[in-house]
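Each remark here refers to the structure printed beneath this line.
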Amino acid sequence: MKPRLVKLSSRSVPADISDKIDRKIIDELNNNIYVFSKEAEHYLAYTEDAGRTIEVDLPGGKQYQLEVMDTWNMNVLREETVPPGKFSLETSRPYTAIRLVAQPAPASSQ
């Protein structure tokens, strides 16, 4: 799978971080969305904060199986099938991951 940072927090990474911990800087730098993918087959996205929007472009003529996971409590919150195209999900809890797996195309009947 190929990692990709798709949404960077509003703050750029400072060239030098002082010994004094600035919680605001740390919180903003942790407010990112990461996606790992094997294009058109498997996508895994993660964000630490609630209220973040995860967007993934799902190519092809396949349906995708979606799982929304609470990584803090280690459980699946939601499962459904989604169509290809632009997929968007706003997280309702912190520490949310989503997994999208391409489903095999239906066998043609002859």
Side-chain angles (χ1 to χ4, degrees):
M1 295 181 87
K2 185 165 96 174
R4 183 170 49 105
L5 176 63
V6 294
K7 181 85 173 178
L8 187 60
S9 65
S10 59
R11 181 184 293 266
S12 60
V13 177
D16 185 33
I17 299 175
S18 68
D19 291 338
K20 179 184 167 202
I21 294 178
D22 182 340
R23 189 72 227 169
K24 184 173 179 170
I25 289 174
I26 292 170
D27 289 345
E28 288 184 33
L29 291 174
N30 285 333
N31 192 17
N32 299 316
I33 297 173
Y34 302 91
V35 173
F36 300 87
S37 66
K38 185 171 182 183
E39 198 67 30
E41 290 184 32
H42 199 115
Y43 298 84
L44 181 64
Y46 173 79
T47 186
E48 184 177 306
D49 293 334
R52 302 284 290 158
T53 300
I54 298 172
E55 293 180 340
V56 179
D57 287 321
L58 302 172
K62 303 175 186 176
Q63 298 285 314
Y64 290 81
Q65 181 64 36
L66 165 69
E67 290 181 319
V68 180
M69 297 169 277
D70 174 347
T71 63
W72 187 263
N73 293 306
M74 297 305 294
N75 58 14
V76 175
L77 302 171
R78 180 172 129 200
E79 291 182 86
E80 64 186 76
T81 302
V82 297
K86 186 168 217 85
F87 172 79
S88 179
L89 177 104
E90 184 173 335
T91 60
S92 60
R93 298 177 182 219
Y95 311 108
T96 297
I98 65 166
R99 181 168 57 181
L100 292 150
V101 179
Q103 300 300 294
S108 61
S109 57
Q110 292 183 348

How long is the gap from [atom1] on [X] to [atom2] on [Y], to the nearest 0.5 Å?
X   : Y   : atom1 : atom2 : value
Y34 : T47 : OH    : OG1   : 8.5 Å
E39 : L58 : CD    : CG    : 9.0 Å
R78 : T96 : CZ    : OG1   : 10.5 Å
I98 : T71 : CD1   : OG1   : 12.5 Å

Which pair of heavy atoms, one from [X] and one from [Y], lies closest together, and at what distance?
X    : Y    : result
V101 : Q103 : O-NE2, 3.0 Å
E55  : S88  : CG-OG, 3.8 Å
I33  : T53  : CD1-O, 3.1 Å
M69  : L44  : CE-CD1, 4.2 Å
I54  : T91  : CD1-CG2, 4.0 Å
P84  : Q63  : CD-NE2, 4.1 Å

Quick one: salt bridge (charged side-chain N to carboxylate O under 4.0 Å, His left out) partners of E67, sequence neighbours excluded?
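For E67, the residues satisfying salt bridge (charged side-chain N to carboxylate O under 4.0 Å, His left out) (neighbours in sequence not counted) are R99.
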
Can you name the salt bridge (charged side-chain N to carboxylate O under 4.0 Å, His left out) partners of E90, sequence neighbours left out?
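So E90 forms no salt bridge (charged side-chain N to carboxylate O under 4.0 Å, His left out) with any residue.
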
Summary of ring-ring contact (aromatic ring centres under 6.0 Å, His included) pairs that have at least one residue in residues 40-63, sequence neighbours excluded:
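Qualifying pairs, neighbours excluded: none.
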
Is there a side-chain contact between F87 and L66 (heavy atoms, below 4.5 Å)?
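Side chain of F87 against side chain of L66, heavy atoms only: contact under 4.5 Å found.
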
